[in-house]
Novice: 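Quick one: the structure is below, and I'll ask about it shortly.
Note that these values count all heavy atoms, side chains included, but never hydrogens, waters or copies made by symmetry.
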There are 2 protein chains.
Amino acid sequence: MSTTRRGRPRGYDRAAALEQALVLFWDRGYEATSIAELTAAMGMGAPSLYAAFGSKRQLFDEVVRSYGRTYHAFMARALVEEPTLRRGVERLLREAASEYTRPDRPPGCLVISAAVNCSSPDVEQALRTLRASDVKAFEHLIKSATSAGELPSDTDPHSLALFTSVTLQGMAQQARDGATRTELEAVAALALTSWPWT
Amino acid sequence: MSTTRRGRPRGYDRAAALEQALVLFWDRGYEATSIAELTAAMGMGAPSLYAAFGSKRQLFDEVVRSYGRTYHAFMARALVEEPTLRRGVERLLREAASEYTRPDRPPGCLVISAAVNCSSPDVEQALRTLRASDVKAFEHLIKSATSAGELPSDTDPHSLALFTSVTLQGMAQQARDGATRTELEAVAALALTSWPWT
DNA sequence: CGAATTCTATATCGATCGCTAGAAAACGTG
DNA sequence: CACGTTTTCTAGCGATCGATATAGAATTCG
């Protein structure tokens, strides 16, 4: 295997092109983003796009994976790096208010908003599954924290996990509706008051 | 003006056809619902649809108005018919859990979910405006209740209104993701604990 | 150099989109 | 009956969708 590849060199940076597609999908959603818009933003012709990413659907899947690794990772980080679950959720909600309204990115969350009204049910289901796994992860953490005495023993993990997801999804929607970081931070603070104390 | 109309009688019931369109738009969203699906569900040909409703966009507008009059009215009713704002919101959230998960209707809320990823910005903006006016209405009621001493004087009406909308929007999203009535009722109860006491 | 390889540019493909023209069908009225 | 009016049916409009066939351009290897 030589380091130099044969044939005509590609005229684009694959990672940069993927990032452009990510931003576009994030902003407009899966279905409302056309191949024409994608090729224009990614700086390549349609055949190059299909050669590099397979299909619109496969490109979107790769975008979702990349999104999870970069823009969605702050959630797991907040939950892991804080000493208590409550502190973790507090930071998560506060950071979500910031992440969902950053001026250099599309508002809201790709996983929540990019495939809501989707003609192809499998794309919609793919993001649905991601959201469901997030709820499950919340529920698991809450259950552990309850067992550890960190939360009251009468805490309902499933309901509290769902409530947290509801808050995040609502915040993401409101961000797309134009809510500011400050507004969402106030919402996050209010939501946190629903969390039980030890 | 005679009671019998001249010409060939129409072979459909306009109100029933509008209701079928409403259900379809509610279920699939504005853009993902095609004219072909609409005509099939409404029991009429495309020319009849355009003669009766103008265009897909005008049909959707009429659907949205009808939706507001019927399926969205429980909110204003709950807020008006209860003696205090807190009781009103409590009932509103509880009823939303029920309304968003009724087995005989599409899940969630048309105003919240029918135009999220929309190619035509004006349709998306139309529902956005409706949502914003709901937030404003909340804020107004909270402000009045605070002035009347029904809520603590340090209550922030804007944040509390936004939080309530976030809860509703998140609940609607979760309903579309498969959450049950019981689950959403628990979420609503949790959200209500963020409301300040007198 | 020529051959093999790899990518790019043009020009579509069939399908579907929202929408409509034109003719035929079904009614009340003379 | 014929006539005007209204609706329905059939067929198809131009545009756009995702995806591709084909030919040419740009590189490495022999």
Novice: Between D:dT6, C:dT8, D:dT8, which nucleotide gets closest to the side-chain atoms of B:Arg5?
Specialist: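 Selected nucleotide: D:dT6.
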
Novice: In this structure, how many angstroms lie between the P atom of C:dT8 and the CZ atom of A:Arg14, rounded?
Specialist: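 That distance rounds to 12 Å.
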
Novice: How many angstroms lie between CE in B:Met171 and OG1 in A:Thr167, if you round to the nearest 0.5 Å?
Specialist: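 B:Met171 atom CE to A:Thr167 atom OG1 measures 11.0 Å (nearest 0.5 Å).
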
Novice: For DNA chain D, whose closest nucleotide is more 5', that of A:Pro9 or that of B:Ala51?
Specialist: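 Here B:Ala51 is the residue nearer the 5' end.
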
Novice: For the residue pair A:Ser113 and A:Gln173, confirm or rule out a side-chain donor-acceptor distance under 3.5 Å.
Specialist: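 The answer is no; no qualifying pair exists.
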
Novice: With sequence neighbours excluded, tell me which residues meet ring pair (Phe, Tyr, Trp, His ring centres under 6.0 Å) with A:Tyr67.
Specialist: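 Expected list: A:Trp26, A:Tyr71, A:His72.
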
Novice: Please work out which of the three classes, parallel, tilted or perpendicular, describes the rings of B:Phe60 and B:Phe25, given edges at 30° and 60°.
Specialist: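 Because their plane-to-plane angle is over 60°, the rings of B:Phe25 and B:Phe60 count as perpendicular.
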
Novice: Applying ring pair (Phe, Tyr, Trp, His ring centres under 6.0 Å), can you list everything that pairs with A:Tyr100, at least two apart in sequence or on another chain?
Specialist: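 Result, ring pair (Phe, Tyr, Trp, His ring centres under 6.0 Å) vs A:Tyr100: none returned.
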
Novice: Not counting sequence neighbours, list each pair that qualifies as a side-chain hydrogen bond (donor to acceptor under 3.5 Å, both in side chains) and has a residue in residues 185-194 of chain A.
Specialist: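 Listed once each, the pairs are A:Arg181-A:Glu185, A:Thr193-B:Ser194, A:Ser194-B:Thr193, A:Ser194-B:Ser194.
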
Novice: Nearest to the A:Arg6 side chain among C:dT29, D:dT7, D:dC29, which nucleotide is it?
Specialist: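 Among the listed nucleotides, the one closest to the side chain of A:Arg6 is D:dC29.
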
Novice: Is there a residue in residues 54-67 of chain B whose heavy atoms reach under 4.0 Å of DNA chain D, and which residues are they?
Specialist: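 Output list: empty, so none.
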
Novice: Taking the six-membered ring of A:Tyr50, is NZ or CZ of A:Lys56 closer than 6.0 Å to its centre and within 45° of its axis?
Specialist: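 No.
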
Novice: Under a 3.5 Å cutoff, is there a donor and acceptor pairing between the side chains of A:Glu31 and A:Ser119?
Specialist: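 Present: a donor and an acceptor within the cut-off.
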
Novice: So which nucleotide from D:dG18, D:dG24, D:dT8 ends up closest to the side chain of A:Arg8?
Specialist: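 That would be D:dG24.
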
Novice: Please state how far atom OH in A:Tyr50 lies from atom P in D:dA21, giving the value in whole angstrom units.
Specialist: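 Checked: the OH to P distance equals 12 Å.
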
Novice: Please list residues of residues 28-47 of chain A whose heavy atoms come under 4.0 Å from any atom in DNA chain D, ordered by number; otherwise none.
Specialist: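 A:Thr33, A:Ser34, A:Ile35, A:Ala46, A:Pro47, in order of number.
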
Novice: Taking only residues two or more places apart in sequence or in another chain, which ones pass side chain to side chain contact (heavy atoms under 4.5 Å, CB included) with B:Ser147?
Specialist: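 Side chain to side chain contact (heavy atoms under 4.5 Å, CB included) check on B:Ser147 returns nothing, list empty.
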
Novice: Counting only side-chain N and O atoms of B:Ser48, is one of them less than 4.0 Å from OP1 or OP2 of D:dT7?
Specialist: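 Answer no for this pair, as no side-chain N or O of B:Ser48 is under 4.0 Å from OP1 or OP2.
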
Novice: Counting any heavy atom closer than 4.0 Å, what does B:Tyr12 reach on the DNA or RNA strands: base, sugar-phosphate only, or nothing?
Specialist: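 Since only primed, P, OP1 and OP2 atoms lie under 4.0 Å of B:Tyr12, the category is sugar-phosphate.
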
Novice: Provide, to the nearest angstrom, the distance between the CG atom belonging to B:Leu49 and the P atom belonging to D:dT6.
Specialist: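 Interatomic distance, CG of B:Leu49 to P of D:dT6: 20 Å.
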
